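Take a look at the structure below.
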Amino acid sequence: MFPVALLDDGRLLRTVVERSPAMSLQQASMNADPNLIDLRYRMRHSAAHVMAEAVVKLFPEAQIAIGPPTEDGFYYDFEVSRPFAPEDLEAIEALMRETITADRPFAGEELARSAALERFSDQKFKVEIISDLPEDEQITVWSHQSWEDLCRGGHVDSTGKIGAFKLLSVAGAYWRGDEKREMLQRIYGTAWESQEALDDFLERVAEAERRDHRRVGRELDLFFFDPISPASPFFLPKGTIVLNGLIDYVKELYVKYGYQEVTTPQIFNTDLWKQSGHYDNYLENMYMMNVDDREYGVKPMNCPAHAMLYAANTHSYRELPIRYADFGRLHRYERSGVTHGLMRVRTFSQDDAHIFCTLDQIAQEVNSFIAMLDEAYTLLGFDRMRLALSLRPEKRVGTDEMWDRAEAALSQVLDASGREYGIEPGEGAFYGPKIDFFVPDALGREWQLGTVQLDFSLPERFDLHYAAEDGTLQRPVVIHRAMLGSLERFMGVLIEHLAGALPVWLSPVQATVIPIADRHIEFGQTVVDKLRAAGVRADVDDGNDRMNAKIRAAQQRKIPYMLVVGDREQEAGQVAVRERAGGNLGAVDVDEFVTRIAREVADRA
RNA sequence: GCCAACGUAGCUCAGUGGUAGAGCAGCGGUUUCGUAAACCGCAGGUCACAGGUUCGAAUCCUGUCGUUGGCUCCA
């Protein structure tokens, strides 16, 4: 299903499918024929070479690192005496055009290791790459006459075939992705088979920016940020309606799927964090404080508190599974530079729950969770996502037998579900394997929403047990799980997914009445009263704008229903219904419309 | 945390050493209009913060904070 290509540095390039605009780009390339995908790969790879040539011409001292194609472009990393400026990109582009116009053929050449080391002796990164290659690895160099580069190949025939390209941005990047190594300057660019394809791509990027949740959040008065509490959203009344709408929905699912909601403290004495292991492993991400000479930590997770709830009573196998849900606010000190709008914040809440069950119950619990998640994602419009099963890491707790059973349980559930998933060996948490559910944002960055994680460690640390059928005390397993993940992040992803046009049940204002003239305001207000009495969030636009301006404003506020009232409607006791999508439903009796929208809200249609 | 850019009115931005500007939003008035922007007027800013250079700083320099794009991280 996923077209896969190998990057220069050996990583897999994977194309992901989604409905968001940036993703439709990849969707387009998925639907495109393999030849086109291959052509783009070779064009971009070739463009990277041509760019490196241009950079070295302008910066003779440059040390060049690697330059692979990516999902929608390419980049190349350099170590230069000064950072690149925007004007540099123009100069580099100009030189690239010369090379492309010259239409120089690409040709590959095999080299002995010693010869390769000799040829790149003044390029320390290339020397490092060559030195790290296995002894038996074939070393190849690809050139387009005026430039040659260590490369395993995959080019267009000649530089003239590179197509329409554009350099996009400069960024910092560590050599070999290691923050202890050199910081390099990375230039991102993109290349397409035609100017139209390039323009198309740039338009998609622009559309992604238009639906960026930070911009939409401001436009719709949902939330804002302030340096007084960095990376911590302030939710305005409208944003709070959305947040609460999501929580209310999840609570309904909790009733259906047998969860019990609990409430736990916000700060805990350090003793708890020592017992849970957070003090040793997570301290740098925690907010700590001293009060009355005792040290406290603000909770970054709910798990330890839930373990305490479980341990507060003895439990029989007959009670299991026990499912504790908690919307408690969490605080995590995220390093500066990693936060991003609502997607990565320092305080947030989750639709978090912990399931205490027996080893034998894992499969059914995970299955039930995925069914619930599926129900929620379908309702919320996320029909495609990436699933990843993460297996045992090197450093871990628990016996191999436990891991065998846990991993088998997860993969069996996934296999039975019939959906595709990736396997990521070694990526599991030290306390157990997990399944993560990822969805991309408007700019194509992937964010984890759902997760289900098995935990063998927490029950040990808190000495949890239950009385088994045979009267012995047994250790339960804990399953950490969240569907929407961080509610803040989910709201961000949802906004971008829907470009701010939230479903009626989540819309902060579900209907707005638009009086044509002042004499219709009073009637409009009676409509609003009826809507509110039926539980519908409605208002009336009584400003002295013309109707056209009011409609425009309502469209921009993404209000699902606009109810125009003039002389005709007032006389007939009707409203002229206009939908956000632009459709005009014509005049409808007020009572009929109230009934209809109230049902739509109740059904979350 | 690292590399870089940026921070001017509620929002989007202009303003490169000489008294702070526009559009939108807001407020007041005129208009009372049939499915995406009527008209006139008013008000609104310690130019992120602190220090420095200068006769004079939004503008130049240093530091801090924050944001953005990447990288790294995301038990």
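Because the structure is a prediction, the values reported are computed rather than measured. The sequence lines fix the lettering, A, B, ..., with proteins before strands; numbering per chain opens at 1.
A salt bridge does not link A:R210 to A:D212: none of the charged nitrogens lies less than 4.0 Å from a carboxylate oxygen. Taking a cutoff of 4.0 Å between a charged side-chain nitrogen and a carboxylate oxygen, A:K550 and A:D545 do not qualify as a salt bridge.
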**Message:** Under the criterion ring pair (Phe, Tyr, Trp, His ring centres under 6.0 Å), I'd like the reasoning laid out for A:F78 against A:F125: C-alpha separation, chi angles, the key distance, then a yes or no.
**Reply:** CA-CA 10 Å; A:F78 308 92; A:F125 299 121; over 10 Å; no
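Residue A:N544 is in base contact, counting any heavy-atom pair closer than 4.0 Å across all strands shown. Residue contacts for A:R214: at a heavy-atom cut-off of 4.0 Å it reaches the sugar-phosphate backbone alone, with no base atom in range. Residue contacts shown for A:R546 include a base, since a base heavy atom lies under 4.0 Å away. Here A:Q185 lies in heavy-atom contact (under 4.0 Å) with sugar-phosphate atoms only. The residue A:R332 sits apart from the nucleic acid: no heavy atom pair falls under 4.0 Å. Using a 4.0 Å heavy-atom distance criterion, A:F84 is classed as making no nucleic acid contact. A:N285 comes within contact range of no nucleotide atom at all, as no heavy-atom separation falls under 4.0 Å. Heavy atoms of A:R335 sit under 4.0 angstrom from at least one base atom.
Pairing of B:C6, defined by two Watson-Crick or G-U wobble distances under 3.5 Å, is identified with B:G66. B:C60 is paired with B:G52 under the Watson-Crick or G-U wobble criterion, all donor-acceptor distances under 3.5 Å.
A donor-acceptor pair shorter than 3.5 Å can be found between the side chains of A:H306 and A:D326.
The aromatic rings of A:W403 and A:F456 lie perpendicular to each other, with more than 60° between the two planes, well past the 30° mark.
Aromatic pair A:F84/A:F59: centroids less than 6.0 angstrom apart.
When every heavy atom of A:R346 is checked against every heavy atom of A:S232, the shortest pair comes out as CB-OG, 4.2 Å.
Taking NZ of A:K124 as the reference point, atom CD of A:E79 lies at 3.5 Å (rounded to 0.5 Å).
Between the P atoms of B:A14 and B:G1, the separation comes to 29 Å (whole Å). When the C1' atom is used for both B:A25 and B:C11, the distance is 7 Å, rounded to whole Å. Only the C1' atoms considered, B:G26 is 11 Å distant from B:A9, to the nearest whole Å. Spacing between B:A50 and B:A57 at atom P, rounded to whole Å, works out to 14 Å. B:A58 and B:U19: their C1' atoms are spaced 13 Å apart (whole Å).
Listed by residue number, the members of residues 221-238 of chain A with any heavy atom below 4.0 angstrom from RNA chain B are A:P227, A:P230, A:A231.
The span of RNA chain B lying next to chain A, judged by atoms under 4.0 Å from heavy atoms, is bounded 5' to 3' by B:G1 to B:A75.
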